[in-house]
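These notes are about the structure you will find just below.
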Protein chains: 2
Amino acid sequence: MPRRADPQRIARKKDEIAVAAGRLFATNGFERTSVAQVAAAAGTSTASVFYYFSDKAALFRAVFERDLPTAEALVGRYADAEAPVPAILDMLSQLAEDAADPAASGMLVELLRRVDHDPELLAVVMRTAEVIREGLATLIARGIADGDIDAELEPAGTATWLQAVVDATYLNASPGHSPLPELRRTALGYLAPRWKEETKTP
Amino acid sequence: MPRRADPQRIARKKDEIAVAAGRLFATNGFERTSVAQVAAAAGTSTASVFYYFSDKAALFRAVFERDLPTAEALVGRYADAEAPVPAILDMLSQLAEDAADPAASGMLVELLRRVDHDPELLAVVMRTAEVIREGLATLIARGIADGDIDAELEPAGTATWLQAVVDATYLNASPGHSPLPELRRTALGYLAPRWKEETKTP
DNA sequence: GTCTATATTTAGATAGAC
DNA sequence: GTCTATCTAAATATAGAC
């Protein structure tokens with residue numbers, strides 16, 4: 001089918017394979033998805049898949065390599081926000097946006113599993129997570145300076161925890177139920193400066 | 001090695017196999033763990049493993065079947081607590097207790113993955129989760145009645161969300177760092193009755 | 001009940017023609 | 001670059017002796 005070495009077309013094909021793979025990995029899992037299935041879904045052969053990707057693990061990584069630019073754009077969008085707390089809430093909401101989609105939920109779980117066994121994959125996702133963490137931490141520090149966020153909190157650690165809460169949002173996913181209210185209330189309650197006593201001591 | 005049909009001994013052996021399996025599944029994952037590895041770790045043969053468990057999936061389920069009694073005991077322990085909010089915090093802390101252990105974290109991820117593909121496993125863990133959810137929901141309702149928890153909250157949904165936050169604790173796990181402070185602060189901030197305005201509107 | 005040995009199946013990866 | 005055909009390895013599950 002190649003008319004010539006058309007770089008546009010081959011890049012598109014590589015992408016199509018990655019997308020098909022992502023869908024299957026998300027629903028069936030990494031090990032339970034065969035390369036043959038991916039090839040069929042992409043309308044090609046296993047040999048072609050291996051022509052574009054060195055091995056099955058690389059195919060999985062490809063799904064996440066597209067996330068870095070998205071994360072950078074997101075962070076950039078809120079970097080100069082006047083009010084840090086609403087900016088944080090909006091960033092978290094964006095991050096949790098796909099949580100209702102069961103495929104996204106499945107893919108997160110799959111990622112968490114594979115990341116322990118694939119150092120290259122770890123590097124890919126760490127870079128993305130790091131971008132988001134720094135974006136959040138910066139906003140948190142500004143919120144503290146403004147007095148809108150509890151000064152007891154440590155920005156980097158707090159950012160990490162908020163990312164974990166976003167992940168929880170995916171785990172808690174159920175179709176037809178938006179997790180955003182819980183997420184926003186959780187973040188607000190966590191960040192808010194504390195009053196005299198937390199509760200009567202137990 | 002059998003002196004007779006000693007029911008004590010065979011029950012213990014079944015248990016030992018399940019424990020060995022749990023360790024391996026947690027660190028290496030379900031598919032990447034062979035029954036041969038489990039057998040070796042338990043000091044026996046694959047045939048013996050299949051004598052005790054109908055198949056590999058049953059072996060995985062066995063790991064979680066032991067959780068139900070534990071959950072029931074936990075709920076029972078706090079059912080009659082005088083102060084609901086501290087009781088909730090303590091329950092959550094207990095649930096998050098293993099979060100520092102990387103094996104527990106790995107096992108949670110593995111569970112989330114398998115539960116989509118094994119209805120019997122789903123039934124097992126749903127029963128356990130349901131017990132905890134009801135225990136929490138009851139305490140939340142009492143806290144609302146006492147005025148210590150925001151009356152806007154719906155007990156069952158709130159309980160579910162708190163369980164998700166506990167899961168977040170496992171995802172956020174890193175050795176040497178206890179997740180309990182974040183967890184407690186999150187729960188407290190989430191449950192607390194709200195003041196006049198949450199924040200200046202964005 | 002426990003083992004050794006093996007049947008069976010499946011999937012990742014490659015060879016080599018076109 | 002793309003295919004068909006296949007090699008190779010591994011793992012679940014079972015057979016059957018002890």
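All chains are named by letter (A, B, ...) in the order of the sequence lines, taking the proteins before the strands, and each is independently numbered beginning at 1. Only heavy atoms go into these numbers, but all of them, side chains included; no hydrogens, no water, no symmetry mates.
- Geometrically, K13(B) does not engage Y52(B) in a cation-pi contact defined by less than 6.0 Å to the ring centre and at most 45° from the axis.
- Of all non-hydrogen atoms in P179(B) and A96(B), the two that sit nearest each other are CG-O, 4.4 Å.
- Between the side chains of S34(B) and K56(B), not a single donor N or O lies within less than 3.5 Å of an accepting N or O.
- Taking side-chain N and O atoms only, Y52(B) has no distance below 4.0 Å to OP1 or OP2 of dG1(C).
- For the helix from dG1(C)-dC18(D) to dC18(C)-dG1(D), the rotation axes defined at the first and last 5 base pairs enclose an angle of 10°, given to the nearest 10°.
- Taking a cutoff of 4.0 Å between a charged side-chain nitrogen and a carboxylate oxygen, R12(B) and E16(B) qualify as a salt bridge.
- Under a 4.0 Å N-O distance rule, the pair E130(A)/R133(A) qualifies as a salt bridge.
- Atom CZ in R9(B) sits about 11 Å away from atom P in dG1(C), given to the nearest Å.
- Rounded to whole angstrom, the span from the CG atom of L24(B) across to the P atom of dA11(D) amounts to 13 Å.
- In the set dA13(D), dT4(C), dT14(C), dT14(C) carries the atom at the smallest distance from any side-chain atom of A47(A).
- F53(B) comes within 4.0 angstrom of no nucleic acid atom, judged by non-hydrogen atoms across all strands.
- For the contact set between residues 35-46 of chain A and DNA chain D, defined by any heavy atom under 4.0 Å, the members are T44(A), S45(A).
- S54(B) comes within 4.0 angstrom of no nucleic acid atom, judged by non-hydrogen atoms across all strands.
- When the side-chain nitrogen and oxygen atoms of Y51(B) are compared with OP1 and OP2 of dG1(C), one or more of them lie within a distance under 4.0 Å.
- Taking a cutoff of 4.0 Å between a charged side-chain nitrogen and a carboxylate oxygen, D15(B) and R66(B) qualify as a salt bridge.
- Nearest nucleotide to the S34(B) side chain, out of dA13(D), dA11(D), dG12(C): dA11(D).
- Between F25(B) and F30(B), the angle of the ring planes lies from 30° to 60°, which puts this pair in the tilted group.
- Salt-bridge check for R142(A) with D80(A): failed, with every basic side-chain N at 4.0 Å or more from each acidic carboxylate O.
- Within the structure, salt bridge (charged side-chain N to carboxylate O under 4.0 Å, His left out) pairs that include any residue of residues 27-38 of chain A comprise E31(A)-R113(A) (at least two apart or interchain).
- Rounded to whole angstrom, the span from the CD atom of E31(B) across to the C1' atom of dA10(D) amounts to 14 Å.
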